[in-house]
Amino acid sequence: VTAIRISGGRVHDPANGVDGELRDVCLNDGKIVSDVGPDARRIDARGMVVMAGGVDIHAHIAGPKVNAARKLSPDDRRDDPLDRTEVLRSGTGGLVPSTFATGYRYSLLGYTTVVEAAAPPLAARHVLSELRDTPMIDKAFLILMGNNQVLFELIRRSGGAVSGELRDAVAWWLDATGGYGVKLVNPGGVERYKQDNGNVHSLDDEVDGFGVTPRAVLEAIGGAVDELGLPHPVHVHANNLGVPGNADTTLDTMRTLAGRQAHFAHLQFHAYGGKPGGLPRSRAPELLDYLSAHPEITADVGQVMFGPAVTMTADGAVSAVLRDLGADKWINHDTEVETGCGIVPYRYRAGNYVHALQWGIGLELFLLCQNPWQVMLSTDHPNGGSFLSYPKLIRLLMDRAFREDQMRRANQRAIRRTALLDGLDREYSLNEIAIITRAAPARRLGLRDKGHLGVGADADVTIYHDRADREEMFATPRYVIKGGEVAVEEGELRRSDDGLLLSSRAAFDPDVSGVLAPLFGDRYTVAFEHYPVRDPALREPVQIVEAAAP
Amino acid sequence: VADFGPVTCAGCGLLCDDVTVEASSDGVRLQPDCALGVQWFSERMHRRDAAPATIDGRPTDVEAALARAAELLREARRPLVHGFEGATVEDARAALALADRLGALVVTRRAEDGWPGGPAVPLRGASSATLGEIRDRSRLVVIWREDPETTHPRLLDRLGFGRTPSRAGSERTLVVVDDRDTATARRADTRLRWQRDHDLHALTSLHVLQRGLALRSGDLVAEVTGLMDRLRAVAHAAFVYGPRLTGGAGGQRRALALHELVRALNHDRHVVTLELPAAAGTRSADDVVAWQTGYSGAVDLAGGHPEPLGATHRIGDHEGVDVALSIEAAPAHGGGGAEIGLGTLPPGHDVAVSIRTAAAGVSATGTAHRLDGVPVALQAPLPDAAPPAAALLARLLEEVTR
């Protein structure tokens with residue numbers, strides 16, 4: 001490992017109160033250090049911007065859903081091959097790149113940590129295998145728990161309270177899979193969809209056959225995650241995604257989780273006014289008002305970008321709606337006991353009212369938000385667009401003239417229904433970009449050594465040319481340093497690195513196996529004793545983040 | 001004599017992980033019983049006495065075989081990596097790493113069987129489910145021209161048509177479409193016996209009925225209408241299909257017709273499919289090829305990056321393959337078990353190098369993807385000195401790049 005001194009760059013490290021100061025950043029043995037000796041490699045960063053490596057809190061990069069999308073879209077990648085080199089594997093790009101391409105391209109973009117936001121626990125071995133083939137980045141995955149029949153039974157038994165059994169079960173599942181956090185997707189609704197194409201429409205609809213409601217699932221599992229003190233709070237894809245009027249459900253969900261830490265995924269898709277079946281309108285300001293008054297709630301935006309996308313979700317009911325809107329291709333896959341999956345390739349068109357409104361709502365969430373530590377950058381890759389569109393999104397936030405030019409190209413009826421034409425002249429600063437792309441996601445994930453450049457942090461650093469064209473600047477970092485080693489230089493990958501798996505761990509009573517085993521027995525088609533993933537080849541190298549609770 | 005379990009049996013794509021094995025001089029017995037599983041375990045436990053490697057049919061050691069294999073691969077103009085009948089995910093990952101370095105063709109099936117036709121899923125998609133979903137929700141299961149009682153002997157039981165109860169209750173119907181008198185057909189509640197060359201017509205006729213249109217009088221009207229009535233009577237149904245629908249001439253069109261029908265049926269009920277793979281390792285290999293290259297089934301890495309092979313491509317006929325590396329295939333010289341083999345393709349099949357591998361599920365651990373995509377752990381109850389295929393392939397990569 002080489003010692004490095006990054007010299008003379010303008011440092012943006014908002015977690016440590018550093019906002020554009022000219023200072024050196026020193027790295028040694030994979031960590032940020034206060035100083036290095038004279039023999040250290042010197043990187044001349046004069047005229048450049050220095051930030052911690054990017055942290056993507058919500059993307060879809062690995063697992064059976066992502067891989068099904070690859071199989072579904074060979075034509076998307078034919079024109080985007082990656083050649084093998086002496087140190088790099090070959091692959092293909094497109095909206096859902098192959099695993100090696102995913103790692104390489106995140107790295108080329110200056111990102112060093114990425115969270116796969118929706119993994120079926122039953123598929124943990126698959127997810128882990130793909131992540132082993134996703135180089136250059138540290139990675140974590142969230143396990144789906146919002147439609148788990150075993151947990152439904154525990155919730156029903158406890159009358160919706162956070163029981164010790166439920167807490168132990170959540171911790172057991174993380175231990176069994178290597179997952180980092182807990183994801184709830186359309187709680188109760190996915191189970192209803194798998195039964196007979198049904199759904200739940202309010203938090204108090206009963207999930208047929210299980211004696212629980214979405215509200216009970218939110219309270220019980222959200223409460224269990226909170227009480228366990230997991231490093232990342234419950235990560236919620238709320239009910240009624242995409243449905244006009246769903247802001248009521250989103251606010252109800254936020255109130256249901258009141259007093260608990262929670263992260264809301266792709267808030268843009270849950271910020272709609274109007275009535276089901278009608279045209280949506282924006283209710284982003286109301287959601288932001290709620291966030292302002294509730295610092296325990298955070299969100300990522302799920303910005304849509306005009307152009308092609310691939311919608312992929314555990315919320316199969318949403319995909320069925322898109323299918324019926326005339327999608328050429330559709331995949332549905334139901335995973336026993338736990339979850340569903342839907343995939344539909346999609347295109348967001350600037351001239352389309354709904355798409356332009358979605359685009360505008362995303363920008364509203366960014367531009368009207370008072371506290372950027374609460375509203376983080378994501379496109380819900382690849383649902384709202386590829387992660388490769390992050391530089392353009394950053395430019396939309398930093399460059400008002402560019403944003404207004406893009407607004408003029410969008411459906412004006414939709415744009416008029418947002419606050420974008422109300423003199424919204426905010427331009428994000430570099431410090432604010434550093435917050436929403438690394439500092440805030442790392443803090444929300446409980447990754448204390450990431451997202452900042454303080455002494456002791458991981459030596460994950462990205463150095464950008466300070467260009468007026470912010471899209472170009474953020475698309476082509478001058479250097480990317482991962483774990484103290486230069487990974488990218490002059491826009492080229494210099495080396496390949498496996499990256500770490502990030503897992504969390506919370507204490508649990510091992511006797512919970514005696515509770516879970518009989519519930520597994522007549523529901524799953526795999527044996528309880530073979531369900532946990534113990535193979536070091538899949539779970540290592542790993543960095544364990546311990547839960548805070550005793 | 002050895003007793004062990006419960007372990008995973010990798011004898012077919014079902015990867016049953018509740019199997020207890022009793023082995024004695026009288027043979028192998030499994031609980032639950034399965035003839036295919038007995039054969040699979042017997043071959044792999046017997047295979048432990050075989051020579052570790054051969055060069056041109058003569059016994060040798062692994063190191064010499066690896067050196068010769070690396071030499072052949074370095075000299076190959078058009079190498080092919082294929083087979084994967086018993087491959088684990090780890091084997092497939094290692095095989096792809098080697099294939100990438102070699103610039104090889106990769107086919108996730110035995111190339112000598114012919115490329116079974118382009119997959120239909122990339123054209124329109126599919127609706128699918130894991131075994132437990134079908135067992136506990138589907139009131140109607142239609143098995144389309146496959147005979148899982150022979151190829152996947154515990155499938156019907158695992159779908160709730162046997163000892164294992166279904167949460168969907170006892171009022172469930174098994175329909176088998178097949179004109180053969182198979183073991184599976186004999187278990188059907190309803191048999192539909194049209195010939196295979198009528199499958200496309202039947203599927204498109206069902207689609208016509210689903211749209212609320214009438215069929216003209218003619219072939220299959222009664223059978224197809226009856227099947228549609230059954231489908232309309234349930235909220236959840238499943239179709240089980242495999243190579244006899246998707247393979248051969250017109251296979252892609254038939255598969256596409258099935259997925260189109262299922263998509264249409266999903267407008268007012270929940271309908272899923274389950275595909276039976278060509279071999280136990282096919283799903284694992286397909287999944288690994290997809291995540292490492294972006295394509296599934298068959299990929300050409302000769303250009304320095306992955307290129308998909310077309311739907312009608314036949315490997316071997318005109319690809320100029322001069323060296324074929326088979327992964328976890330049945331040994332060319334018999335004897336059971338699995339091996340890494342290096343040679344030419346038929347006709348003129350010539351095995352230059354073979355290296356015995358530790359069988360995943362008996363002598364090596366690993367992960368395999370079940371036919372429904374569920375990843376399953378393979379155990380190693382009888383450790384063996386032979387290395388697993390993944391380790392051999394990693395060594396081969398080192399030798400090739402040295």
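The sequence lines fix the lettering, A, B, ..., with proteins before strands; numbering per chain opens at 1.
Taken to the nearest 0.5 Å, the CG atom of A:Asp535 stands 6.5 Å off from the CD atom of B:Glu90. Taking CD of B:Gln292 as the start and CZ of A:Arg70 as the end, the distance is 10.0 Å to the nearest 0.5 Å. With values rounded to the nearest 0.5 angstrom, B:Arg124 atom CZ is found 10.5 Å from A:Leu72 atom CG.
Within the 4.5 angstrom heavy-atom criterion, only backbone atoms of A:Thr85 (N, CA, C, O) approach chain B. Contact annotation for A:Ile343: neither backbone nor side-chain heavy atoms come within less than 4.5 Å of a heavy atom of chain B. Heavy-atom distances place the backbone of B:Thr293, and not its side chain, under 4.5 Å from chain A. Interface remark: A:Asp522 contributes backbone and side-chain atoms alike to the contact with chain B (heavy atom separation under 4.5 Å). With a threshold of 4.5 angstrom between heavy atoms, A:Gln149 approaches chain B through side-chain atoms but not through N, CA, C or O. Heavy-atom distances place both the backbone and the side chain of A:Tyr193 under 4.5 Å from chain B. With a 4.5 Å cut-off on non-hydrogen atoms, A:Arg132 touches chain B through its backbone and its side chain both. Using a 4.5 Å cut-off between heavy atoms, B:Asp100 contacts chain A through both its backbone and its side chain. Using a 4.5 Å cut-off between heavy atoms, A:Pro64 does not touch chain B at all. Contacts between B:Arg263 and chain A at a heavy-atom distance below 4.5 Å involve backbone atoms as well as side-chain atoms. At a 4.5 Å heavy-atom cutoff, A:Ser73 makes no contact with chain B through either its backbone or its side chain. Heavy atoms closer than 4.5 Å to chain B are found in the side chain of A:Glu529, but not in its backbone. Proximity to chain A is limited to the side chain of B:Arg135, based on heavy atoms less than 4.5 angstrom apart.
Per-residue counts of heavy-atom pairs under 4.5 Å with chain B were compared for A:Gly340, A:Ala327, A:Ala320, A:Gly342; the largest is that of A:Ala327. Contact count versus chain A (heavy atoms, under 4.5 Å) is highest, among B:Thr8, B:Leu123, B:Val89, B:Leu15, for B:Leu123.
B:Ser128 has its side chain within reach of A:His333: a pair of non-hydrogen atoms, C-beta onward, lies under 4.5 Å apart. Residues B:His259 and A:Trp330 are not in side-chain contact: their nearest non-hydrogen atoms beyond the backbone lie 4.5 Å or more apart. Side-chain contact check for A:Val337 versus B:Asp136: every heavy-atom pair is 4.5 Å or farther apart. In this structure, the side chains of B:Val374 and A:Leu122 come closer than 4.5 Å at one or more pairs of heavy atoms.
The two atoms that bring B:Leu131 and A:Glu336 nearest to each other are N-OE1, 3.7 Å, heavy atoms only. Across all non-hydrogen atoms, the minimal contact from A:Arg125 to B:Pro375 is CB-CB, 3.6 Å.
Between B:Asp286 and A:Lys71 there is no salt bridge, since no side-chain nitrogen of the basic residue lies less than 4.0 Å from a carboxylate oxygen of the acidic one.
B:His270 and A:Asn197 share a side-chain donor-acceptor pair at under 3.5 Å.
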